[in-house]
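Just below is one structure, and these are the notes that go with it.
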Amino acid sequence: MANQREIILSGIRPTGRLHFGNYFGAIQHFVRLQEQGHGCYYFIADYHALTTISERTDFYRQTIDMLRTYVACGLDPNKSVIYRQSDLPCTAELTLLLGMITNIGFLERGTTYKDKLNKLEETAGTEGNPLSYGLMGYPVLMAADILIVRADKVPVGDDQRQHVEMAMDIAQRFNYRFGQTLKVPAAVSREALRLPGLDGSAKMGKSDHNTLDLLDDPASVLRKLKGVQTSTEPLPLETDSDDPDIVIPLMPASVGILYRLLSLLAPNEVYLDFLGKYRRCERFYGTLKTTLAQYVSAFNAPIIERFNDPANNEESVRTFLRENAERVTPVALETVEACRAAMGIGHSLYRA
Ligand code: TYM
């Protein structure tokens, strides 16, 4: 049991299959915090998935499959409240209320928004979704997710750090204007991870097609790892340290991802053995990839097995979604009602 029981909240967009970035950046912490006995709320952010939509996408199916993967990774709907964002529609109401005190200039400084804007300018606005009101409001919706359950901590990867800071900021602004109403969550831990992509780019991400997925079978794992670009010469490691955080950034980026995965999945002596080979500039990338592929597939095997367990089916997911939406709704409505009252429109009359 945890020393002090905290409220934990986090979510993942249903953009496809879960990858190793999602797992090591977020899900492993979800499971750890759940097992420590904290009050955990984990959801699938299906409203957020709509912020970049340009044609109908079967987010319902993707949500069900991601929830089956949550369960396969060890998340337990009896220990954590696991739900779908759109089953808690009062989140949209809180988003609206928080939007009233959020400046456009503040949202324009959001890095996700700026990246999308830059990409759109590069393609002269001819592709994808034009920057929508919904996309710009992404951090406000995310703030509502966090603030609605009065979260103390938000376990996320390093890429979501700014969004959590924006939620802290919005809560502080609300409390300053209308009196102490919202719980301000803690900032994201300094150790939060950002796993690079298999192409050596800074971040593994679904839309960049550079992911290693939790449901990849051994053949796909081997194919993906063999495809990692390793023709570059080893760069000299100007350090005696073996610490992955120190040595890996000194390697060519695409080689670094192999070592990062090895450090996460293999016993330390295996990682150190390959680090030695790197230092001695031996010819070893072939064996590094096949060894790593074995560790990745061994990691994936029980997840794939639990994903395919007949008991982990659509019906069981729908049942716990219904039950858990009922558990989170009263907590969420209390926050929305408190914000309505604080802003002066008063409590909802039909919900009373
Ligand atoms: P999303 O769906 O992009 O990612 C889900 C989680 O996985 C982490 N992650 C990574 N961590 C390390 N390295 C990577 N390469 C990597 N790729 C993804 C993300 O940091 C995240 O923790 N906006 C959120 C979803 C969201 C949310 C929230 C999260 C909506 N509302 C409220 C927390 C609280 C998102 O798009 O995550």
Side-chain angles (χ1 to χ4, degrees), residues 7-31 33 40-52 59 62-63 66-67 69-70 73 75 81 83-86 88 91-92 94-95 98 110-113 115-116 134-135 137-168 170-171 183 185-189 191-214 248 253 256-257 260-261 264 328 332:
I7 301 295
I8 311 293
L9 170 125
S10 198
I12 299 187
R13 283 169 303 141
T15 42
R17 305 201 317 174
L18 290 171
H19 55 71
F20 274 62
N22 297 136
Y23 186 86
F24 286 104
I27 294 176
Q28 67 164 349
H29 301 297
F30 295 5
V31 178
L33 292 159
C40 298
Y41 294 96
Y42 300 129
F43 66 98
I44 298 290
D46 55 349
Y47 280 154
H48 272 111
L50 296 174
T51 54
T52 47
F59 288 122
Q62 294 181 188
T63 298
M66 285 189 52
L67 286 161
T69 321
Y70 266 22
C73 289
L75 290 177
V81 181
Y83 58 101
R84 189 168 64 148
Q85 189 182 31
S86 64
L88 195 61
T91 306
L94 185 59
T95 304
L98 299 177
T111 47
T112 310
Y113 178 80
D115 287 351
K116 291 261 170 8
L135 181 70
Y138 189 112
V140 189
L141 177 56
M142 185 155 158
D145 294 325
I146 298 170
L147 304 176
I148 210 162
V149 299
R150 305 178 175 280
D152 296 296
K153 286 206 181 121
V154 186
V156 284
D158 177 66
D159 59 302
Q160 295 295 316
R161 185 182 297 282
Q162 191 197 29
H163 285 149
V164 176
E165 283 165 6
M166 290 171 102
M168 294 163 71
I170 291 173
K183 160 85 74 62
V188 172
S189 137
E191 285 100 62
L193 181 83
R194 184 181 299 232
L195 194 70
L198 292 181
D199 56 357
S201 65
K203 186 186 148 193
M204 183 175 286
K206 199 78 213 168
S207 52
D208 300 316
H209 308 288
N210 62 6
T211 65
L212 194 58
D213 297 342
L214 296 175
I248 292 175
I257 175 64
R260 173 59 71 185
L261 288 168
L264 291 168
V328 62

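Residue numbers count from 1 along this sequence. Read the numbers this way: they start at 1 and go in the same order the structure lists the ligands and their atoms.
Remark: K153 pairs with E6 by the salt bridge (charged side-chain N to carboxylate O under 4.0 Å, His left out) rule, at least two apart or across chains. Legend: residues meeting salt bridge (charged side-chain N to carboxylate O under 4.0 Å, His left out) with D208, ordered by chain and number and at least two apart, are absent. With sequence neighbours left out, the salt bridge (charged side-chain N to carboxylate O under 4.0 Å, His left out) criterion links R161 to D158.
Closer than 4.0 angstrom to ligand 1 lie heavy atoms from L9, S10, G11, I12, R13, H19, G21, N22, G25, A26, F43, A45, H48, Y138, M142, D145, I146, V154, V156, G157, D159, Q160, L193, R194, L195, K203, M204.
Ion pair D159/R194 not flagged as a salt bridge, since none of the NZ, NE, NH1 or NH2 atoms sits closer than 4.0 Å to an Asp/Glu carboxylate oxygen.
We find the OG1-CZ distance between T211 and F20 to be 10.0 Å, quoted to the nearest 0.5 Å.
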Determine, stepwise, if the pair K206 / D213 fulfils side chain to side chain contact (heavy atoms under 4.5 Å, CB included). CA-CA 9 Å; K206 199 78 213 168; D213 297 342; 3.3 Å; yes
